[in-house]
S.K.: 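Next up is a structure, given as structure tokens.
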Amino acid sequence: YLHENVFPQLLRHSDEKLSASGQDLGGEVFCGARLGFSGTPNDLLPLAMGKCVYAKGDDAQMIHTLTDVEVVDVWPIEDGWSAVSLLEAIAQE
């Protein structure tokens, strides 16, 4: 029903889908030279882009933020915790 009636009327619909991964977009698929890659700096850049180059002081700024008591709080977690129990504890705060 959607494919035959709704999509053709409401959307510019195509039977084919184009897709690309971050590796594809950052690689040489679209162009041979790349000057930057949007996103948080990390070493998970597309392989074709090489190693991430951090600006001087980036590591110190991240550590400063992650140790700032105005930003981060510490809770003791009992043994036997699970992802669900941790999320429930967070939701109750």
Side-chain angles (χ1 to χ4, degrees):
Y1 174 79
L2 292 175
H3 184 71
E4 296 295 325
N5 298 305
V6 176
F7 291 157
Q9 290 179 18
L10 300 177
L11 304 172
R12 293 176 47 195
H13 180 68
S14 174
D15 290 330
E16 297 180 26
K17 177 183 173 184
L18 297 177
S19 67
S21 68
Q23 292 288 334
D24 295 330
L25 296 174
E28 296 182 1
V29 172
F30 294 111
C31 61
R34 285 138 344 258
L35 299 175
F37 188 79
S38 177
T40 303
N42 62 52
D43 289 322
L44 299 175
L45 291 173
L47 297 174
M49 293 191 72
K51 188 163 174 51
C52 182
V53 178
Y54 296 94
K56 185 175 182 177
D58 280 354
D59 287 339
Q61 289 175 347
M62 287 185 269
I63 291 170
H64 176 75
T65 299
L66 292 173
T67 57
D68 184 347
V69 295
E70 297 293 322
V71 177
V72 178
D73 195 7
V74 177
W75 296 344
I77 302 294
E78 296 187 21
D79 290 341
W81 65 272
S82 68
V84 172
S85 69
L86 186 60
L87 291 172
E88 287 172 346
I90 293 168
Q92 291 176 7
E93 285 297 315

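Source: prediction; values computed, not measured.
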S.K.: Has the side chain of Ser85 got a donor or acceptor atom that lies under 3.5 Å from a matching backbone atom of Trp81?
M.R.: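 Side chain of Ser85 to backbone of Trp81: no pair is present.
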S.K.: Looking only at non-hydrogen atoms, find the nearest pair between Ile63 and Thr67 and report the distance.
M.R.: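 In this case the closest contact between Ile63 and Thr67 is O-OG1, 2.8 Å.
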S.K.: Which pair of heavy atoms, one from Val72 and one from Leu66, lies closest together, and at what distance?
M.R.: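 Minimum heavy-atom separation between Val72 and Leu66: CG2-O, 3.3 Å.
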